[in-house]
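We're numbering straight along the sequence, starting at 1. Note that the structure is a prediction, hence the values are computed from the model and not measured.
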Amino acid sequence: MLIGEYESKIGEKNRIAVPKKFRNELSEKLIVTRGYERCLILVDEKRWEELIKSIEVRPLLNASVRDLKRYLVGGAFEITLDNQGRFVVSSALKEFAEFESEVIFIGIDNWIEIWAKNKWLEKVEKLNKEIVDLAERLSEVEGSKG
């Protein structure tokens with residue numbers, strides 16, 4: 001299971017080290033792509049296929065389905081980790097995620113998000129203020145299903 005929060009730095013040549021805990025959970029073939037809210041999503045090949053299948057079960061005639069696939073697949077890169085567990089983040093993805101020198105890896109069960117550290121700290125601050133309301137809204141949604 002991909003869980004936890006880990007800091008890393010962007011090194012020379014735009015290399016980022018994937019935390020060892022995550023490397024141990026992932027297979028060798030990795031994909032990194034644009035995520036939501038200006039983070040990146042990192043998954044292995046099996047999880048990538050599951051993600052794509054979850055989109056492909058929806059009708060291609062739906063413009064939202066096409067746009068989501070363009071966003072995720074069009075922005076994806078296959079990456080290889082070096083002996084130290086690092087990969088090179090493309091200039092396009094680095095610019096998209098507004099990375100500076102420090103990043104945060106967040107394990108979200110089936111995928112990993114990579115955030116610019118300052119953006120993640122802002123997001124956590126916002127979540128701290130809204131978490132009770134968010135939990136209540138989700139419980140209302142669950143209650144309406146039954």
**Asked** Just by modelled atom types, is the S27 backbone N or O under 3.5 Å from a matching donor or acceptor in the D44 side chain?
**Response** yes

**Request:** Might you work through the side chain to side chain contact (heavy atoms under 4.5 Å, CB included) test for F87 and V18, ending with a clear yes or no?
**Result:** CA-CA 8 Å; F87 72 95; V18 176; 3.8 Å; yes

**Prompt:** In Å, rounded to the nearest 0.5 Å, how long is the span from CD1 of I112 to CG of L2?
**Reply:** 4.5 Å

**Request:** Look at the rings of Y71 and F96 and say which category their plane angle falls in: under 30° parallel, 30 to 60° tilted, over 60° perpendicular.
**Result:** perpendicular

**Asked** Step by step, would you call K119 with R38 a side chain to side chain contact (heavy atoms under 4.5 Å, CB included)?
**Response** CA-CA 8 Å; K119 298 285 184 198; R38 293 233 176 244; 5.8 Å; no

**Request:** Check F99 against I10 and note the closest heavy-atom contact, atom names and distance.
**Result:** CB-CD1, 3.4 Å

**Prompt:** Hey, does the side chain of E7 reach the backbone of I104 with a donor-acceptor pair shorter than 3.5 angstrom?
**Reply:** no

**Prompt:** Do L68 and V65 belong together in a cluster built from hydrophobic side chains that touch within less than 4.5 Å?
**Reply:** yes

**Request:** Using the rule that two of Ile, Leu, Val, Met, Phe, Trp, Tyr join whenever any of their side-chain heavy atoms come within less than 4.5 Å, decide whether V88 and V43 are in one cluster.
**Result:** no

**Asked** Of the options L40, T33, I31, L93, which is the one that meets F77 in a side-chain contact (heavy atoms from CB on, under 4.5 Å)?
**Response** L93

**Request:** Kindly say whether A17 contributes a backbone atom to a donor-acceptor pair with the side chain of S8 at under 3.5 angstrom?
**Result:** yes

**Asked** Who passes side-chain contact (heavy atoms from CB on, under 4.5 Å) against E130, sequence neighbours left out?
**Response** K126

**Complete:** The reported gap from CH2 in W115 to CD in E37 (rounded to nearest 0.5 angstrom) is 4.5 Å

**Asked** Could you state the interatomic distance from OH (Y36) to CD1 (I41), rounded to the nearest 0.5 Å?
**Response** 5.5 Å

**Request:** Could you state whether L138 and I131 fall into the same hydrophobic cluster, counting links through intermediate Ile, Leu, Val, Met, Phe, Trp or Tyr residues with side-chain heavy atoms under 4.5 angstrom apart?
**Result:** yes

**Request:** In sequence, state the C-alpha distance, the side-chain angles, and the governing distance for N62 and R58, and then conclude on side chain to side chain contact (heavy atoms under 4.5 Å, CB included).
**Result:** CA-CA 8 Å; N62 184 311; R58 290 161 176 76; over 6 Å; no

**Message:** Let me confirm one number: the CG-CD1 distance from L42 to I108, rounded to the nearest 0.5 Å.
**Reply:** 12.0 Å

**Message:** To the nearest 0.5 Å, what is the distance between CZ on R86 and CZ on R23?
**Reply:** 10.5 Å

**Request:** Kindly check if the number of other-residue, nucleotide or ligand heavy atoms within 6.0 Å of CD (E102) is above 12?
**Result:** yes

**Request:** Answer whether the closest heavy-atom distance between the side chains of E5 and F105 falls below 4.5 Å.
**Result:** no

**Asked** Say you draw a straight line from CE of M1 to CG of D109; how long is it, rounded to the nearest 0.5 Å?
**Response** 5.5 Å

**Complete:** Minimal heavy-atom distance between F22 and I3, with the atoms involved, is CE2-O, 3.4 Å

**Request:** Starting from the C-alpha separation in whole Å, work towards a yes-or-no answer on side chain to side chain contact (heavy atoms under 4.5 Å, CB included) for L51 and R47.
**Result:** CA-CA 6 Å; L51 175 64; R47 289 175 173 96; over 6 Å; no

**Complete:** side chain to side chain donor-acceptor pair (under 3.5 Å) filter on E50, not counting sequence neighbours, yields none

**Ion pair E100/K117, N-O distance below 4.0 Å** = no

**Message:** Are there over 12 heavy-atom neighbours, none belonging to K29, within less than 6.0 Å of that residue's NZ?
**Reply:** no

**Message:** Grouping I, L, V, M, F, W and Y whenever their side-chain heavy atoms are under 4.5 Å apart, do V132 and L134 come out in a common cluster?
**Reply:** yes

